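First comes the structure, then the notes that go with it.
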Number of protein chains: 2
Amino acid sequence: MKKKITLKQIARELDVSISTVSKALRDSIEISEDTRQKVQAFAKLYNYRPNNIALSLKNRKTKTIGVIIPEIVHHFFSKVIRGIELVANKRGYNVIVGLSNESFDKEVINMQMLANGSIDGFILSISKETLQQQDYHHFKETISQGMPIVMFDRIVNEIHCDKVIIDDSKGSKNAVMKLLSSGCKHVAIITTKDYVSVGKLRTQGYLDALEEFKMSPETDLILKVDDELVSEDHLESLEREIEDLFKRNKKIDGVFAVNELYAIIAMKVARNLGMKIPEDIQFIGFTDGVLSKHATPSLTTVNQHGQQMGEKAAELLIDNLEREDEEEHYTTVVIETELVERNSTK
Amino acid sequence: MKKKITLKQIARELDVSISTVSKALRDSIEISEDTRQKVQAFAKLYNYRPNNIALSLKNRKTKTIGVIIPEIVHHFFSKVIRGIELVANKRGYNVIVGLSNESFDKEVINMQMLANGSIDGFILSISKETLQQQDYHHFKETISQGMPIVMFDRIVNEIHCDKVIIDDSKGSKNAVMKLLSSGCKHVAIITTKDYVSVGKLRTQGYLDALEEFKMSPETDLILKVDDELVSEDHLESLEREIEDLFKRNKKIDGVFAVNELYAIIAMKVARNLGMKIPEDIQFIGFTDGVLSKHATPSLTTVNQHGQQMGEKAAELLIDNLEREDEEEHYTTVVIETELVERNSTK
DNA sequence: TGTCAACACGAAAACGTTTTCGCTGATTAT
DNA sequence: ATAATCAGCGAAAACGTTTTCGTGTTGACA
């Protein structure tokens with residue numbers, strides 16, 4: 001087991017100074033052709049690579065990005081990570097991930113662990129609990145210590161930083177308008193409680209679309225699901241709620257759901273109730289994932305372009321990190337959504 | 001913007017030496033009660049936290065685990081990451097991820113980037129290209145430099161290290177036996193080319209089950225899909241292959257697929273051909289994911305317990321890292337699979 | 001022969017810690 | 001009164017780099 005070799009060891013072996021070795025490896029003109037070749041050959045032979053940690057300490061930057069997301073077993077977030085990793089690697093950065101598990105405490109702890117020198121900046125999406133408690137001091141502190149943050153998807157206006165979002169309300173409006181213009185007269189929405197910012201915005205888009213069509217919203221067609229209860233196991237209760245919705249409102253002929261899973265489950269319920277999709281009732285979901293693609297019928301969805309969001313977030317962060325001038329100018333990038341039409345709509 | 005404070009700054013402010021500050025903060029008995037309180041108060045006030053990078057350099061360990069997986073937008077791998085992250089964090093470690101994208105070169109580069117001091121050890125699953133080329137020199141080098149590796153799922157016997165796997169052939173055998181014992185007479189398998197180790201093993205399990213039932217395998221019931229072609233876009237060709245399979249062999253009444261997607265697609269094809277599931281034909285897939293759960297009918301699958309694999313891998317690695325004695329003894333942990341019975345089987 | 005520039009290299013500081021060792025002044029024991 | 005102990009603190013090394021500055025040797029030139 002040969003341990004990693006260092007400059008010092010090379011220097012000792014070749015009977016020169018550490019500085020000489022360092023310079024020779026970096027092709028400094030200070031060093032004679034002779035010694036340079038000698039050093040480089042030796043270094044290659046022993047497969048020398050500079051120690052990243054030492055470099056980080058010296059340069060006071062780690063070339064590493066910290067990513068904090070609420071959950072990784074989730075198509076959207078893993079796509080974002082892939083995007084981040086893609087451009088980070090291309091630009092010579094590593095990616096270190098922390099999962100908040102939708103918990104405020106874990107979010108704070110994770111940020112503290114990483115903020116002490118391990119990384120140069122954060123890319124994150126806020127946990128539900130944090131959004132609910134509206135306690136953002138950890139973000140403020142991090143930023144005030146000079147560590148840049150880029151937020152994506154779940155953001156909060158109160159914090160000043162770069163942001164990458166989609167136009168949730170616009171995307172939803174388009175989706176609902178698609179339903180309305182293909183003949184739906186009674187479109188229901190399955191959404192979350194309002195504290196989840198995206199849920200609120202998507203509901204707004206639904207209302208906007210109705211207004212565009214001069215229709216007035218019926219409160220009974222708006223189903224606000226308690227998101228806490230839909231964690232894996234409580235799906236039956238969700239099914240029951242949706243079934244009730246359908247039974248109470250026989251005339252529903254279109255459904256817009258603020259995520260993929262709600263839509264898939266709603267389709268299942270509808271099918272069990274004997275409705276034909278898309279003839280009797282049409283469905284559109286938000287956030288394109290594997291489920292939408294492979295469901296039967298395949299689900300029309302609003303694609304959020306998660307990977308693109310990740311790429312953009314990484315670019316914003318790295319641009320910021322490598323910017324010379326220190327003037328603060330935060331930008332908010334809006335990624336366009338796209339309606340992916342499949343077989344759950346006409 | 002107040003930059004992070006260091007020992008040196010505290011020392012200067014309080015007019016003591018750096019050593020005194022360090023000792024005071026670590027509650028050394030060398031320091032008088034007086035100065036200790038003074039220093040600790042000051043440190044708390046300015047929210048002092050030791051710089052991780054400096055600590056890493058000094059201790060020659062980073063308390064960080066490098067994870068390299070072929071793909072992150074994949075239910076199984078993201079579950080593994082969650083498992084790794086869970087125990088890593090619990091034991092004070094960070095997780096840094098690299099994606100090989102199933103490419104040999106990216107795998108090598110990623111490992112080199114991380115191996116130069118950034119991490120203490122690797123957890124990885126080998127990329128398909130690497131398996132195909134059978135070039136494992138980067139693993140050997142890493143290990144010979146004293147950096148431990150834990151492999152999971154896609155492993156290779158040639159490399160000596162800790163491993164976490166499932167018993168692919170046993171899990172498959174159980175699945176196929178379930179089909180056979182519930183009445184199937186002609187069970188087909190949809191698998192991959194043999195260089196993917198898990199594909200090969202799962203095929204073996206299929207054969208074992210047949211033998212157990214004194215049935216001889218029919219080559220025409222074994223469909224080996226070229227995995228390269230199934231990347232997102234070439235799904236239609238897969239559908240056609242499966243359709244051909246069904247048309248050639250009208251008597252197929254059971255299908256075992258080596259992954260979730262193949263099974264879902266096969267179900268779709270079967271349904272389009274007018275077969276009833278599970279009455280006419282039964283299906284079982286491998287690797288439990290969202291698709292299986294929410295498909296109609298829901299798919300019976302072999303659950304790999306990805307999160308548990310991740311947890312175990314992290315434990316093995318950290319145990320190794322924190323072990324005092326240097327004796328090498330590599331273990332291979334086999335995680336039990338579990339047949340999750342749903343509606344695609346009787 | 002003496003001066004100067006060019007060349008090739010080494011010493012040392014710096015990044016932020018921890019830790020070993022040595023030093024000083026005071027208290028205790030002889 | 002002298003020696004020995006001890007409490008409390010600081011200096012310095014070490015981790016592995018990069019970089020600035022200094023220094024010695026060589027050759028050319030006046």
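Below, chain A is the first sequence line, B the second, and so on; all start at residue 1. This one's a predicted model, so the numbers in the text were calculated from it and none came from an experiment.
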Scanning both residues in full, the closest heavy-atom pair of B/E102 with B/E129 reads O-CB, 3.2 Å
In short, B/G98 meets B/N110 closest at the heavy-atom pair CA-OD1, 3.9 Å
Does NZ belonging to A/K106 count more than 12 external heavy atoms closer than 6.0 Å?
-> yes
Measure the distance from [atom1] on [X] to [atom2] on [N] and round it to the nearest whole Å.
| X | N | atom1 | atom2 | value |
| --- | --- | --- | --- | --- |
| B/L7 | C/dT19 | CG | P | 12 Å |
| A/K38 | C/dC9 | NZ | P | 8 Å |
| B/K4 | C/dC15 | NZ | P | 17 Å |
| A/I10 | D/dT18 | CD1 | P | 11 Å |

Between [X] and [Y], does any side-chain donor sit less than 3.5 Å from a side-chain acceptor?
| X | Y | result |
| --- | --- | --- |
| A/N116 | B/K4 | yes |
| A/S125 | A/D153 | no |
| A/S103 | A/S100 | no |
| B/S127 | B/T130 | yes |
| A/D27 | A/Q40 | yes |

So, with a heavy-atom separation below 4.0 Å from DNA chain C, the residues of residues 44-58 of chain B are B/Y48, B/R49, B/P50, B/N51, B/A54, B/L55, B/K58
The salt bridge (charged side-chain N to carboxylate O under 4.0 Å, His left out) partners of A/D105 (sequence neighbours excluded) come to none
With sequence neighbours left out, the residues meeting salt bridge (charged side-chain N to carboxylate O under 4.0 Å, His left out) with B/E33 are B/R36
Answer yes or no: does a side-chain N or O of A/R60 lie under 4.0 Å from OP1 or OP2 of C/dG16? yes
The answer to which of B/N59 and A/N59 contacts DNA chain D further toward the 5' end, by nearest nucleotide, is B/N59
Kindly give the atom pairs (protein nitrogen or oxygen, nucleotide nitrogen or oxygen) under 3.5 Å for nucleotides 23-28 of chain C.
none

Are the side chain of A/N320 and the backbone N or O of A/L316 linked by a donor-acceptor pair below 3.5 Å? no
Distances under 3.5 Å only, N/O to N/O: pair up the protein atoms with those of nucleotides 7-11 of chain D.
| residue | atom | partner | partner atom | Å |
| --- | --- | --- | --- | --- |
| D/dC9 | OP2 | B/S32 | N | 2.9 |
| D/dC9 | OP2 | B/S32 | OG | 3.1 |
| D/dC9 | OP2 | B/T35 | OG1 | 2.9 |
| D/dC9 | N4 | B/E30 | OE1 | 2.3 |
| D/dG10 | OP1 | B/S17 | N | 3.4 |
| D/dG10 | OP2 | B/S17 | N | 2.9 |
| D/dG10 | OP2 | B/S17 | OG | 3.0 |
| D/dG10 | OP2 | B/T20 | OG1 | 2.1 |
| D/dG10 | O6 | B/K23 | NZ | 2.4 |
| D/dA11 | N7 | B/S19 | OG | 3.2 |
| D/dA11 | N6 | B/S19 | OG | 3.2 |

For the residue pair B/Y136 and B/F139, does the interplanar ring angle fall in the parallel (under 30°), tilted (30 to 60°) or perpendicular (over 60°) class?
-> parallel
Parallel, tilted or perpendicular: which fits the ring planes of B/H137 and B/F104, with parallel below 30° and perpendicular above 60°?
tilted
Taking C/dC15, D/dC15, C/dT19 as options, the one with an atom nearest any side-chain atom of B/K8 is C/dC15
Taking five pairs at each terminus, the helix from C/dT1-D/dA30 to C/dT30-D/dA1 shows an axis bend, to 10°, of 80°
